[in-house]
Amino acid sequence: MKNILFLTTGGTIACEETEEGLIPSLSGQDLIERVPEIKTLCQITVADVCKLDSSNLQPENWSKWAKLIGDNYTKYDGFVITHGTDTMAYTSSALSHMLVNLGKPVVLTGSQVPINLANSDARSNLELAFTIASSNLAGVFIAFGNKVIKGDCAKKIFAKNFNAFESINETPVLFFDKTGIKKNLPCGEVLGEFKVEEKLDPRVMAITITPGLRPDIIDFAVAQGNKGIVLECFGAGGVDTATNNFLPAIKRAIHKGVRVVCVSQCLFDGVDLTLYPMGILAAQAGVESGGLMTLEAALTKLMFVLANE
Ligand code: ASP
């Protein structure tokens, strides 16, 4: 039987109803007792790391968890992390960057409905997560609803639907519906020795470009001490280069050593800075293309790169 380290961090899956709303309070042991089947899949060791709504998580939390996984890497065959769904895609992206040459499964899951409520999706999600964590797949994954998604391709697209996450610009690793299971398994080739690069620079800000937005928001972001800016642009990478011309402010930021990366507001297809004049001009000004990356992947990648270069 595989040995799995089960890290619990809070989220709806562990919530109980209170007068103030849903509050994470259940332990890992409480969760396991409600899904006894998972004890037949693997040997589980619980580490209750925190009990937080994921909106309250910080980059320091991701660094601590990466280190915890690193410290326990040789003792366990896989890792399951229960987590709130709201920022799960940021955590899974950050861990994907920090756990370098990962040769084992690290699987995040949670639920839209607390495990104690009738019709909760928690039990099936936990069963899926422990199944993947007990497999020979290597990498960071989100196991949720009817999919298993690579950690740095995930995005939460539904606030309540049980299939809360979508795999962006990459076929899900596993997808199942009534027609069966579709697989797009990662090749599993690990090119070097596993290591944890847990340092992150949180001085990164995302700015969503909207019609009428004034470019001095960029100067403000720089004045606030940010070292990286992710611009969530229109379509294939558009920013206003006419009435509210963003290019001078972008150039000023880059001149001060700030990295500016462009991702798309569209869910799919990413950015292509060779297509329209504004994309070409932005690239000439020094804006880096985020390519097919999600906002979550680009933001955490910038935090990672700034801390490690
Ligand atoms: N607010 C919750 C959280 O992200 C939502 C959830 O877990 O579904 O912690």
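The residues of the chain are indexed from 1 along the displayed sequence. Given the structure is predicted, the values throughout are model-derived calculations rather than measurements. Counting convention: from 1, in listed order, for ligands and their atoms alike.
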- What protein heavy atom is closest to atom 9 (O) of ligand 1, reported as residue, atom name and distance in Å? Ser54 N, 2.7 Å
- Verdict with reasoning, Glu296 to Ser93, per side-chain hydrogen bond (donor to acceptor under 3.5 Å, both in side chains): CA-CA 6 Å; Glu296 293 86 338; Ser93 294; over 6 Å; no
- Do Glu198 and Ser63 get their side chains close enough for a donor-acceptor pair, meaning under 3.5 Å? no
- Taking atom 8 (O) of ligand 1 as the reference point, the nearest protein heavy atom with its distance: Thr85 OG1, 2.5 Å
- Task: Show your working on side-chain hydrogen bond (donor to acceptor under 3.5 Å, both in side chains) between Thr9 and His83 and close with a plain yes or no.
- Result: CA-CA 5 Å; Thr9 72; His83 193 291; 4.7 Å; no
- Relative to Tyr76, does Lys104 satisfy both conditions: NZ or CZ under 6.0 angstrom from the six-membered ring centre, and within 45 degrees of the ring's axis? no
- Query: Strictly under 4.0 Å, does any heavy atom of Ser111 approach an atom of ligand 1?
  - Reply: yes
- Please identify which atoms of ligand 1 are closer than 4.0 Å to at least one heavy atom of Gly11. 7 (O), 9 (O)
- Message: Checking side-chain polar atoms at under 3.5 Å, does Asp30 have a donor or acceptor matched by the opposite partner on Ser27?
- Response: yes
- Within-cut-off N or O pair, Asp86 and ligand 1, under 3.5 Å: yes
- Message: Give me the nearest non-hydrogen protein atom to atom 5 (C) of ligand 1 as residue plus atom name, then the distance to 0.1 Å.
- Response: Thr12 OG1, 3.2 Å
